[in-house]
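Working notes, structure below.
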Protein chains: 2
Amino acid sequence: MIRLNRLTDYAVVVLSQMGRDQDRVHTTARLAEDSAVPLPTVSKLMKQLARAGLVTSRRGAAGGYVLSRPAAQISVAEVITALEGPIALTACVDGAVDHCDVEALCAMRGNWNKVNRAIETALASVTLADMTVSPAEMFALPGRRPPGGKPAGMLS
Amino acid sequence: MIRLNRLTDYAVVVLSQMGRDQDRVHTTARLAEDSAVPLPTVSKLMKQLARAGLVTSRRGAAGGYVLSRPAAQISVAEVITALEGPIALTACVDGAVDHCDVEALCAMRGNWNKVNRAIETALASVTLADMTVSPAEMFALPGRRPPGGKPAGMLS
DNA sequence: TTAAAAACGGACGGATTTGGTCCGGTTTCA
DNA sequence: TGAAACCGGACCAAATCCGTCCGTTTTTAA
Ligand code: SF4
Ligand code: SF4
């Protein structure tokens, strides 16, 4: 069902959690407790996110993780990319890593690109900060696109 | 990588194939040959698509499959839905079938809805006919949204 | 009347991916 | 020095995906 990886979903949830307390250091234990995601899983996630540079780790006692950037400047697209690699709906779009064995004969090879880009744009326009507000007022925040405004041009 | 099911991809490819010859009946054998997708797989796909009503089957000798509607009126979203069920990025969006075990405590439960809807819209705005044209002139066809026009309002 | 050509339904199984756990290091602080 | 945290990776159970196969049913044409 075009499902997002469950782990990726968790990552967004946990990162948003962190966003609520911008620059406090959060231990995995605390994050796990607050988000109901099992501890070892949170740990694994944070490791990956740290490697991708989205969070910064502080080792040792009183250590933990901090968001590298304010939550309003991290898009869910970045989170996805960090955990699952480049967003590639099919194997023949531009950033794809692997190869399609039908690609040589496929008449529509490359036509997924536009669609893929549209989705990419959609995901890039939502930040972690957006994900924490109540659904009702999402995208109605001051300073963001007004409700009737330009919708970030998909399929341009 | 937010990857589309390979079978779903194939389905779109094959259906587009069919769209090139609007109302001829196509046998699975022929479709397989033309698209390089293995025959039994095409067969399986067509069965599902027939059940979903996207194609009409004609049994017996000289039988085959016909598109139920012109290719320009079938969106890729429909194809995806037919094969994989409702488009649901996570388990907590509106049309989702299954349930998230963290849902009770998750602070952002429901916030994926908007994102999900945006993607849905993107996929719904691309038809099978669009997928067959050369990438260069996609969305530059007469009668469709002009290049600078309203992009079907995502995240509305 | 018969034979061939097609769709139909479903079962099956191998391969791959995913989700989650565990453990032995290493770094830092009190 | 010891406790608290991250770090890296191995590991595995479960689920999913993908492709194949086979017997049945329907229709057409010889
Ligand atoms: S080449 Fe064709 S079959 Fe292969 S991934 Fe691209 S669209 Fe799908
Ligand atoms: S409830 Fe939270 S964790 Fe569960 S699917 Fe929705 S966003 Fe993800």
Side-chain angles (χ1 to χ4, degrees), chain A residues 1-11 13-14 18 24-33 35-66 68 80 83-85 88 90-91 97-102, chain B residues 1-11 13-14 18 24-33 35-68 80 83-85 88 90-91 97-98 100-102:
Chain A
M1 310 173 200
I2 256 212
R3 149 84 36 49
L4 198 63
N5 238 333
R6 181 161 8 160
L7 290 210
T8 309
D9 175 19
Y10 285 167
V13 172
V14 172
M18 292 178 70
R24 160 130 82 239
V25 291
H26 302 263
T27 71
T28 55
R30 183 61 182 279
L31 288 171
E33 189 182 346
S35 62
V37 178
L39 172 64
T41 301
V42 173
S43 170
K44 184 181 200 168
L45 278 173
M46 298 311 284
K47 284 185 250 180
Q48 288 185 83
L49 293 171
R51 249 180 281 185
L54 286 182
V55 298
T56 311
S57 69
R58 206 147 79 189
R59 305 181 65 154
Y65 292 96
V66 196
S68 300
I80 296 176
L83 294 182
E84 313 188 23
T90 68
V97 291
D98 38 27
H99 221 52
C100 169
D101 32 333
V102 187
Chain B
M1 306 171 202
I2 257 214
R3 148 84 37 46
L4 197 64
N5 237 332
R6 193 189 325 189
L7 291 212
T8 309
D9 175 19
Y10 285 167
V13 172
V14 171
M18 292 178 71
R24 160 131 81 241
V25 292
H26 302 263
T27 71
T28 54
R30 182 62 183 279
L31 287 171
E33 189 182 345
S35 63
V37 178
L39 172 65
T41 301
V42 174
S43 171
K44 183 179 200 166
L45 278 174
M46 298 311 285
K47 282 186 252 180
Q48 289 186 82
L49 293 171
R51 248 179 283 186
L54 287 182
V55 297
T56 311
S57 69
R58 205 146 81 190
R59 304 179 65 151
Y65 293 96
V66 196
L67 284 181
S68 299
I80 296 177
L83 295 181
E84 314 187 23
T90 68
V97 291
D98 36 29
C100 169
D101 32 331
V102 187

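Throughout, a chain's letter reflects where its sequence line sits, starting with A, and its residues are numbered from 1.
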Would you mind classifying the nucleic acid contact of B:P38 as base, sugar-phosphate or nothing, using non-hydrogen atoms under 4.0 angstrom?
sugar-phosphate

Need one value for A:T28: base, sugar-phosphate or nothing, where a base atom within 4.0 Å counts as base even if backbone is also close, heavy atoms only.
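Contact class for A:T28: sugar-phosphate only.
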
Within the structure provided, determine whether B:R58 and B:V66 are in side-chain contact (heavy-atom separation under 4.5 Å).
no

Are any non-hydrogen side-chain atoms of B:Y65 and B:L49 less than 4.5 angstrom apart?
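No, every pair of side-chain atoms sits at 4.5 Å or beyond.
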
Provide, to the nearest angstrom, the distance between the [atom1] atom belonging to [X] and the [atom2] atom belonging to [N].
X: B:K47; N: D:dC22; atom1: NZ; atom2: P; answer: 13 Å
X: B:R3; N: D:dC17; atom1: CZ; atom2: P; answer: 13 Å
X: B:R59; N: C:dA4; atom1: CZ; atom2: C1'; answer: 15 Å
X: A:D98; N: C:dT16; atom1: CG; atom2: C1'; answer: 13 Å
X: B:K44; N: C:dA6; atom1: NZ; atom2: P; answer: 22 Å
X: B:Y65; N: C:dA5; atom1: OH; atom2: P; answer: 17 Å
X: A:R51; N: D:dC6; atom1: CZ; atom2: C1'; answer: 12 Å
X: A:L7; N: D:dA15; atom1: CG; atom2: C1'; answer: 14 Å

OP1 or OP2 of [N] versus the side-chain N and O atoms of [X]: is any pair under 4.0 Å?
X: A:R6; N: C:dG20; answer: yes
X: A:R58; N: C:dC29; answer: no
X: A:S43; N: D:dC6; answer: no

DNA chain C: B:S57 or A:A62, which has the more 5' nearest nucleotide?
B:S57

Starting from the C-alpha separation in whole Å, work towards a yes-or-no answer on side chain to side chain contact (heavy atoms under 4.5 Å, CB included) for A:L4 and B:I2.
CA-CA 6 Å; A:L4 198 63; B:I2 257 214; 3.6 Å; yes

Heavy-atom nearest nucleotide on DNA chain D for B:E84 versus B:L39: which residue maps closer to 5'?
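The residue mapped nearer the 5' terminus is B:E84.
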
As a test of reading the structure: which of C:dG20, D:dC17, C:dT21 is closest to the side chain of A:Y10, going by heavy atoms?
C:dG20

Closest to the B:T27 side chain, choosing from D:dT20, C:dA7, D:dC18
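The answer is C:dA7.
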
Just checking B:R3: does its CZ atom have more than 12 heavy atoms from other residues, nucleotides or ligands closer to it than 6.0 angstrom?
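Yes, CZ of B:R3 has more than 12 neighbouring heavy atoms, counting only those of other groups under 6.0 Å.
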
For the backbone of A:G53 and the side chain of A:S68, can you confirm whether one donor and one acceptor N or O come within less than 3.5 Å of each other?
yes

